[in-house]
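What follows is a single structure, written as structure tokens, with notes after it.
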Amino acid sequence: MAKYVSEKIRKKSGARLAAVQAAYMAAFSGLSVDEVIDDFLKGEVGRYAIEEDGMANEEMVELEEMDKPYFEKLVRGVHTKKEDLENALRTYLKDGSAYDHMNATMQALLLCAVYELGYTTDVDAKVLIQEYVDLAYAFFMKNEPKMINALLDQIAKNVRI
């Protein structure tokens with residue numbers, strides 16, 4: 001039996017996924033953050049994902065609608081606080097330079113997660129961590145999501161009381 005998830009929660013999850021993609025685009029596409037946000041809000045990018053069926057077959061599937069104001073809040077927040085967020089991540093990593101050597105998607109995911117942990121209070125830290133670990137599984141294999149879980153848990157213990 002499928003778990004019941006409200007439309008509001010699904011839309012926020014969609015906003016998080018799109019925010020990770022937009023943070024990546026804003027950092028590496030040469031587009032301004034306003035252009036990236038506008039492209040996502042118009043549906044020009046970020047509307048589809050590749051879904052695998054386990055038999056090496058892939059198809060493009062349309063993503064569910066997102067909470068557009070929350071998406072924009074996340075992307076603008078990450079953009080505005082990016083240097084602070086990156087410095088915070090470097091402090092929590094055993095090797096501070098490890099952040100600079102991470103995959104760009106991992107960086108974008110961590111920036112969004114740390115922004116939400118540090119600058120929002122409407123969602124419990126454990127829920128946020130699980131959301132971002134779930135997103136990590138969409139992009140990475142077993143080890144990366146586990147590392148993200150441990151890192152975000154450590155950060156949450158320090159930024160959330």
Side-chain angles (χ1 to χ4, degrees), residues 3 5 9-37 39-40 45-46 48-52 54 56 58 63-64 66-67 69-161:
K3 263 202 289 190
V5 178
I9 291 170
R10 269 196 324 275
K11 284 184 176 184
K12 273 209 174 171
S13 294
R16 288 183 183 100
L17 172 60
V20 169
Q21 294 170 323
Y24 175 93
M25 280 185 64
F28 298 103
S29 70
L31 298 172
S32 73
V33 72
D34 290 327
E35 291 171 305
V36 170
I37 289 170
D39 285 349
F40 272 82
V45 293
Y48 295 91
I50 297 172
E51 189 172 271
E52 297 177 9
E58 298 177 346
L63 298 174
E64 291 192 36
M66 69 174 159
D67 180 333
Y70 201 72
F71 159 78
E72 187 169 354
K73 175 185 175 178
L74 290 178
V75 177
R76 287 196 189 285
V78 167
H79 180 73
T80 303
K81 302 283 186 189
K82 187 175 182 187
E83 189 175 330
D84 294 337
L85 297 169
E86 288 175 333
N87 289 335
L89 281 162
R90 286 184 187 98
T91 10
Y92 284 101
L93 292 164
K94 288 180 184 174
D95 172 9
S97 67
Y99 174 80
D100 300 313
H101 301 291
M102 283 181 183
N103 170 300
T105 303
M106 174 84 73
Q107 288 179 349
L109 188 142
L110 287 171
L111 289 172
C112 291
V114 173
Y115 175 80
E116 272 200 271
L117 285 170
Y119 295 97
T120 66
T121 56
D122 59 328
V123 179
D124 184 71
K126 289 181 189 248
V127 173
L128 284 177
I129 292 168
Q130 188 59 55
E131 283 269 330
Y132 282 99
V133 169
D134 289 347
L135 280 177
Y137 276 109
F139 294 109
F140 306 105
M141 293 300 169
K142 211 180 280 187
N143 293 333
E144 292 90 345
K146 287 179 181 179
M147 184 277 295
I148 288 169
N149 189 23
L151 180 61
L152 294 180
D153 188 53
Q154 179 187 7
I155 292 169
K157 287 176 182 171
N158 288 298
V159 299
R160 296 261 182 114
I161 297 173

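Both backbone and side-chain heavy atoms feed into the values below; hydrogens, waters and symmetry mates do not.
Remark: S29 pairs with no residue by the side chain to side chain donor-acceptor pair (under 3.5 Å) rule, at least two apart or across chains. F28 meets the ring pair (Phe, Tyr, Trp, His ring centres under 6.0 Å) test with Y24; sequence neighbours excluded. F139 meets the ring pair (Phe, Tyr, Trp, His ring centres under 6.0 Å) test with no other residue; sequence neighbours excluded. With sequence neighbours left out, the side chain to side chain donor-acceptor pair (under 3.5 Å) criterion links Y92 to no other residue.
At least one side-chain heavy atom of I155 sits under 4.5 Å from a side-chain heavy atom of L89. For the pair K12 and V127, the minimum side-chain heavy-atom distance is 4.5 Å or more. Between N103 and E144 the shortest side-chain heavy-atom distance does not fall below 4.5 Å.
When every heavy atom of A156 is checked against every heavy atom of A125, the shortest pair comes out as CB-CB, 4.0 Å. Here the closest heavy-atom approach between residue I148 and residue A136 is recorded as CD1-CB, 3.5 Å. Closest heavy-atom contact between V20 and T105: CG1-O, 4.4 Å. When all heavy atoms of F140 and P145 are compared, the closest pair comes out as CB-CD, 4.1 Å. Closest non-hydrogen pair, M66 versus F40, comes out as CE-O, 4.1 Å. Here the closest heavy-atom approach between residue A22 and residue V75 is recorded as CB-CG2, 3.7 Å.
Interatomic distance, Q154 CD to T91 OG1, rounded to the nearest 0.5 Å: 9.5 Å. Annotation: the span from Q107 atom CD to K82 atom NZ amounts to 7.0 Å, rounded to 0.5 Å. Remark: I37 CD1 to H79 NE2 distance equals 8.5 Å, nearest 0.5 Å. Interatomic distance, L110 CG to E86 CD, rounded to the nearest 0.5 Å: 11.0 Å. L152 CG to L117 CG: the interatomic distance, rounded to the nearest 0.5 Å, is 6.0 Å. Interatomic distance, CG of L74 versus CG of L111, reported as 11.5 Å (0.5 Å rounding).
Counted by atom type alone, Q130 and D134 present one or more donor-acceptor pairs between their side chains at under 3.5 Å.
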**Message:** Working note: L85 + Y119, criterion side-chain contact (heavy atoms from CB on, under 4.5 Å); need CA distance, chi angles, decisive distance, verdict.
**Reply:** CA-CA 11 Å; L85 297 169; Y119 295 97; 4.0 Å; yes
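Applying the salt bridge (charged side-chain N to carboxylate O under 4.0 Å, His left out) test to pairs two or more places apart or on separate chains, those with a residue in residues 14-31 are R16-E116, R16-E131. Residues in residues 92-104 take part in these salt bridge (charged side-chain N to carboxylate O under 4.0 Å, His left out) pairs, two or more places apart or across chains: R90-D100.
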